Amino acid sequence: MKRSHSSHSSSPITPQTTTVPLSLPDHLPPSSLPIIPYHSKIVASLDKNDCCVLTSSTGSGKTTTVPFLIYKEHRLFKEHSKLKVTCTQPRRVACTSVASYVSSLCSVPLGTLIGYNIRFDNCTTPQTVISYQTDYMLLRSSSSSYGRLFPEYGCIIIDEAHERSLGSDFVCSLVKQAMIARNYPRFLKDDSDITSLSSEIKSLRRIVRKRKLPPLKVIVMSATISSETFSKYFSTPNMQAKVLSIPGKTHRIDVCYLSEACEDFVEGCVEASLRLHCSYEEGDILCFLPGREEIDSAVYMLRKLLKEREEEGKSSYVSEDKVEEVKGKNINVLTEPTDGAVVLPLYSSLSPSQQQQIFLPLPANCHRRIIISTNIAETSLTLSNVIYVVDSGLEKKKVLTQTGVGVLRTEVISKASAVQRSGRCGRVRPGLAIRMYRELEFEGFKPVQRPEIEGASLSNVVLLMLTMGIKDCINFDFLQPPSEKKLLKAFHTLHRLKAVNDSMEITPYGEKMSKLPVDVEWANLVLKSEGYGCVKEVLTSVAMLSAENIFYRPTDEREAAKAAQKHRRFSSFEGDIPSLRSVYETWEKETIYVDPSLPNVAKRYRQLQSSKNLKIPSPEWCSRNYINSRSVAKAHSVRFQLHDICKNLYMNVESSCGSEGYVDYLKCVCEGLSHQIALRSVVSSDSSEGSSSQRPQGKYKTLSGIEVNVHPNSTMFQRNPAPSAVVFTEIIVTKKTYITGVTQVKKDWVTEFHPDR
DNA sequence: GAGCACTGC
């Protein structure tokens with residue numbers, strides 16, 4: 001495995017100059033983890049079975065110990081010394097933190113025998129035998145007929161499979177095929193008399209025999225609730241997948257339900273949090289609400305109520321009237337601790353420094369954090385001192401309608417999510433979870449989260465399948481087969497982009513597209529840009545679009561006005577995509593950027609600053625301009641990666657249109673988004689046609705006939721006169737149907753790309 | 001004139 005773009009990559013490995021070869025210890029340091037007594041059982045069952053489904057709740061130690069255990073104890077790795085173990089994770093942080101923890105337990109430097117591989121940061125070397133990687137990294141590394149047999153691995157462990165992400169579902173399917181191809185009838189010389197195998201597996205078998213590949217063992221790790229899904233899926237006619245349940249390690253968690261339904265869930269959560277604060281000893285409170293709006297208003301109410309309580313000398317009882325009274329007032333900043341508690345909001349669109357507040361030590365006069373959070377605290381962020389959880393039972397989800405329009409809805413969570421949320425307390429000592437719904441309602445929750453594949457576009461998945469040589473996508477053995485209609489739609493998209501030919505076979509152009517780790521539509525735009533002589537500009541645009549949330553828009557009214565004023569500087573007359581470009585180009589010109597994960601960041605800053613003292617450090621520049629520094633940093637990495645890939649595709653990556661070539665750039669964007677064009681509807685106040693009272697309005701109709709409005713966050717919002725034709729990046733329904741990423745194009749181009757109109 | 005949850009290549 002080679003390191004990704006070494007000049008940029010963020011965790012350099014110290015070259016091993018020592019002549020003594022590194023080795024792993026025979027055992028991990030002794031511990032009281034609940035999984036330890038099960039170790040021999042796991043190894044034994046993986047001997048008898050090809051696949052093992054391990055279930056347990058949090059804190060069993062499976063993620064840290066199982067990969068090491070299998071590598072050290074299973075005979076496969078004694079018989080085949082070159083084989084490795086990998087463990088997939090749905091999130092990047094899990095890979096880096098677990099890999100670093102396990103390598104420290106084994107006293108080997110991270111990135112030598114134990115490493116991780118995530119996008120922009122491959123911390124593995126050829127000597128790495130145990131790796132943690134994201135599902136998508138494993139998918140990317142297996143994009144060929146040979147690659148999908150996962151030849152370098154003797155065991156693949158799929159962790160957090162119950163989350164059912166698109167990536168891990170697809171990894172399951174591929175790993176199952178590889179497992180059958182590598183393990184199935186070992187005792188036969190050829191497969192000629194086996195009729196039960198699909199032609200797909202038969203062709204993989206030919207490669208296995210030719211390359212003499214050793215068997216492949218599979219471990220699926222999941223929450224208890226969905227073990228059956230996986231054991232059924234991974235069982236083959238002659239081999240059962242073994243289910244092993246391991247106890248988790250958490251303290252006792254008491255769960256309370258409401259006896260009657262609550263009317264307003266935000267008020268209910270505020271009241272419950274406050275009662276917990278008043279009547280229970282110290283320890284943090286974590287409250288789950290669906291979105292930013294609810295969180296901001298709950299934070300406001302709580303701060304206000306705590307202030308009143310403090311002023312009244314802590315004697316007052318929390319009444320429902322009190323909660324009602326403070327509701328719906330203007331939000332102002334009240335961040336100092338009141339009544340011994342500090343109330344903190346937590347959601348992804350907060351600035352990094354605001355998010356960091358939850359990890360700051362508490363001031364002297366304060367003994368409790370009350371954190372009001374979205375789903376971000378359910379899996380992605382671990383808060384260590386939470387003793388109490390308040391769960392609204394709701395979350396926001398993006399749902400695709402039949403016409404492919406995204407709708408953001410507040411929905412009831414699953415039982416699995418409710419358990420996960422409650423489990424956020426009781427990590428350090430016994431906890432208490434209050435569910436703001438009745439037990440009867442809970443019984444009606446769907447058992448598990450909806451698999452991501454149900455709502456997602458399949459174009460990228462199908463393209464990936466084609467590069468792997470999977471020909472029959474309709475009959476492919478998915479963990480959960482998508483509808484044929486959705487698969488055909490994906491093929492239709494790929495055909496429109498000329499990634500597949502009329503026989504639905506991948507074209508050389510499609511092969512190129514598959515190399516670019518972005519949405520197929522963006523990949524097409526990047527590849528088209530060379531013909532327009534604007535590769536540089538399009539790379540920047542696509543990188544910024546895939547980073548999302550570039551503009552930081554605060555909730556506080558005065559701050560929001562300041563932000564809007566700063567953002568005006570970047571806004572381009574032509575619309576949102578050129579504006580994003582302008583942010584990046586200005587950022588590049590005016591700041592020094594040092595990758596924060598590189599060593600000696602401060603020193604590097606000083607060096608850079610003394611040589612070019614006109615520039616200011618990136619975080620400072622970003623906060624000054626109300627730009628999300630995390631997003632720009634991500635765009636920067638994405639751009640770097642795309643640039644590298646384009647270079648390898650022999651594209652002229654230096655091609656740039658400059659300021660004179662603006663029209664070419666816009667036309668290129670128009671071609672790339674030519675399936676997402678909207679035309680202005682001319683609303684006439686006078687009934688006679690062609691009357692002078694016709695005024696351009698911000699009302700548009702897409703080519704597919706959907707009536708849409710320009711989103712208020714767009715630079716094109718309330719533009720007068722409104723351009724007659726625009727392209728957009730997304731349709732989203734909230735209170736109205738909005739288009740975002742709105743960019744002005746010429747009407748002539750519309751007819752050029754759609755001659756049939 | 002709104003107000004977008006969360007991941008990942």
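Worth saying up front: this structure is predicted, and the values here are computed from it rather than measured. So that the names make sense, note that chain A is the first sequence line, chain B the second, and so on, each numbered from 1.
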OP1 or OP2 of [N] under 4.0 Å from side-chain N/O of [X]:
| X | N | value |
| --- | --- | --- |
| A/S165 | B/dG8 | no |
| A/R553 | B/dA2 | no |
| A/Y347 | B/dA5 | no |
| A/T134 | B/dC9 | yes |
| A/S348 | B/dC6 | yes |

With the side chain of [X] defined as its heavy atoms from C-beta on, choose the nearest nucleotide among [options].
| X | options | value |
| --- | --- | --- |
| A/T734 | B/dA2, B/dC6, B/dC9 | B/dA2 |
| A/I376 | B/dA5, B/dC9, B/dC6 | B/dC6 |
| A/P712 | B/dG1, B/dG8, B/dA5 | B/dG1 |
| A/H711 | B/dG3, B/dG8, B/dA5 | B/dG3 |
| A/T374 | B/dC4, B/dA5, B/dC9 | B/dA5 |
| A/Q718 | B/dA5, B/dG3, B/dG1 | B/dG1 |

Base, sugar-phosphate or nothing for A/K398? Non-hydrogen atoms, less than 4.0 Å.
base
Using a 4.0 Å heavy-atom cut-off across all strands, classify A/R91 as base, sugar-phosphate, or nothing.
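A/R91: backbone/sugar contact only, no base atoms under 4.0 Å.
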Are A/R119 and A/Q641 close enough that a side-chain donor and a side-chain acceptor fall under 3.5 Å?
yes
Measure up the A/H643 and A/F640 rings against each other and bin them: parallel (under 30°), tilted (30 to 60°), perpendicular (over 60°).
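Rings of A/H643 and A/F640: tilted, 30 to 60°.
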Check the angle between the aromatic planes of A/Y437 and A/F445 and answer parallel, tilted or perpendicular using the 30° and 60° thresholds.
tilted
Could you walk me through whether A/N709 and A/F717 satisfy the side-chain contact (heavy atoms from CB on, under 4.5 Å) test, starting with their C-alpha distance in whole Å, then the side-chain angles of each, then the deciding distance to 0.1 Å, before giving a yes or no?
CA-CA 9 Å; A/N709 303 276; A/F717 178 67; over 6 Å; no
[X] [atom1] - [N] [atom2] separation (whole Å):
| X | N | atom1 | atom2 | result |
| --- | --- | --- | --- | --- |
| A/E548 | B/dA5 | CD | P | 12 Å |
| A/N117 | B/dG8 | CG | C1' | 13 Å |
| A/L408 | B/dG3 | CG | P | 9 Å |
| A/R119 | B/dG8 | CZ | P | 10 Å |
| A/E395 | B/dT7 | CD | P | 13 Å |
| A/I453 | B/dT7 | CD1 | P | 21 Å |
| A/K634 | B/dT7 | NZ | P | 10 Å |
| A/I732 | B/dA2 | CD1 | P | 15 Å |

Check for me whether A/R719 meets the cation-pi criterion with A/F573, that is, NZ or CZ under 6.0 Å from the six-membered ring centre and within 45 degrees of the ring axis.
yes
Are any side-chain N or O atoms of A/S143 and backbone N or O atoms of A/L139, one a donor and one an acceptor, separated by less than 3.5 Å?
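Absent.
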Map A/N549 and A/D135 onto DNA chain B by nearest heavy atom, then report which one ends up closer to the 5' terminus.
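By nearest-heavy-atom nucleotide position, the 5'-most residue is A/N549.
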